[in-house]
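Starting from 1, each residue takes its place in the sequence as its number.
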Amino acid sequence: MHAFLTHMRAKPGQREEVIRLTTVMLEKTQSEDGIPVYVFSTSAESPDDFYFYDIYESEEARKAHESSDEFKGTMPALMKVADFVGVTTLNPYGPMKITPPSKR
């Protein structure tokens with residue numbers, strides 16, 4: 001299993017464009033296999049700071065995601081409107097609970 005926590009910061013005046021681009025990626029990823037967790041969040045204290053938490057069941061699932069047309073198109077556009085702050089590779093352990101939020 002592979003997991004990552006990525007931190008990006010929207011460039012001045014680009015927050016809404018970051019949200020638009022990442023929402024497109026979130027929607028596309030819903031249909032991809034091998035990605036049980038794919039969550040994008042903003043910081044409550046600093047709304048221009050974005051955190052992306054993703055888990056891949058295998059290296060193959062990660063590579064398939066990163067080779068998708070959506071990923072290849074979205075990432076260059078995202079890098080124009082946000083600065084990459086850093087990525088942390090995580091090692092999940094123990095049982096996982098994944099319950100999607102209910103739609104209201």
Minimal non-hydrogen separation, Leu90 against Phe4, with atom names = CD1-C, 4.3 Å

message = Could you walk me through whether Glu60 and Lys63 satisfy the salt bridge (charged side-chain N to carboxylate O under 4.0 Å, His left out) test, starting with their C-alpha distance in whole Å, then the side-chain angles of each, then the deciding distance to 0.1 Å, before giving a yes or no?
response = CA-CA 5 Å; Glu60 293 77 22; Lys63 286 180 180 179; over 6 Å; no

task = Verify whether one side chain among Tyr56 and Asp54 offers a donor that lies under 3.5 Å from an acceptor in the other.
result = yes

inquiry  = Does atom CG (Asp83) have a neighbourhood of more than 12 heavy atoms from anything else shown, all under 6.0 Å?
reply    = yes

ask   = Roughly how far apart are Phe50 CZ and Arg9 CZ, rounded to 0.5 Å?
value = 11.0 Å

query = Between Glu17 and Arg20, does at least one N-O distance fall below 4.0 Å, as a salt bridge requires?
reply = yes

request  = Would you confirm whether Arg15, through its side chain, and Pro47, through its main-chain N or O, come within 3.5 Å as a donor-acceptor pair?
outcome  = yes

key: Residue pair Ser58 / His2: nearest heavy atoms and the distance that separates them   = C-CD2, 3.4 Å

key: Residue pair Val24 / Glu70: nearest heavy atoms and the distance that separates them   = CG1-OE2, 3.0 Å

ask   = Taking C-beta and beyond as the side chain, do Thr6 and Phe84 meet within less than 4.5 Å on heavy atoms?
value = yes

Distance-minimising heavy-atom pair for Met8 and Met79 = CE-SD, 3.3 Å

remark   = CD1 (Ile35) and CD (Gln30) are apart, to the nearest 0.5 Å, by 9.5 Å

task = May I ask whether Leu78 and Leu5 are part of the same hydrophobic cluster, defined by side-chain heavy atoms of I, L, V, M, F, W, Y residues being less than 4.5 angstrom apart, directly or through others?
result = no

ask   = Minimum heavy-atom separation for Gln14 to Val81, with atom names?
value = OE1-CG1, 3.1 Å

Main-chain N/O of Ala64 paired with Ser67 side-chain donor or acceptor, under 3.5 Å = yes

task = On the 0 to 90° scale, with breaks at 30° and 60°, tag the Tyr38-His65 ring pair as parallel, tilted or perpendicular.
result = perpendicular

remark   = Residues Ala61 and Gly34: closest non-hydrogen pair is CB-O, 3.5 Å

message = Side-chain heavy atoms nearer than 4.5 Å, only ILVMFWY residues, links allowed to pass through others: does that put Leu26 and Val39 together?
response = no

query = For the residue pair Phe40 and Phe52, does the interplanar ring angle fall in the parallel (under 30°), tilted (30 to 60°) or perpendicular (over 60°) class?
reply = tilted

query = Going only through I, L, V, M, F, W and Y residues with side-chain contacts under 4.5 Å, is there a path from Tyr51 to Phe71?
reply = no

query = For the hydrophobic clusters of this structure (ILVMFWY residues joined by side-chain heavy atoms under 4.5 Å, transitively), does one cluster hold both Tyr53 and Leu21?
reply = no

ask   = When hydrophobic residues are tied together by side-chain contacts of less than 4.5 Å, even through go-betweens, does Met75 share a cluster with Ile19?
value = yes

key: Interatomic spacing from NZ in Lys72 to CG in Asp69 - rounded to 0.5 Å   = 6.5 Å

inquiry  = If you define the side chain from C-beta out and look only at heavy atoms, does anything of Ile55 sit under 4.5 Å from Met96?
reply    = yes

remark   = OG of Ser68 to NZ of Lys28, rounded to nearest 0.5 Å, is 5.5 Å

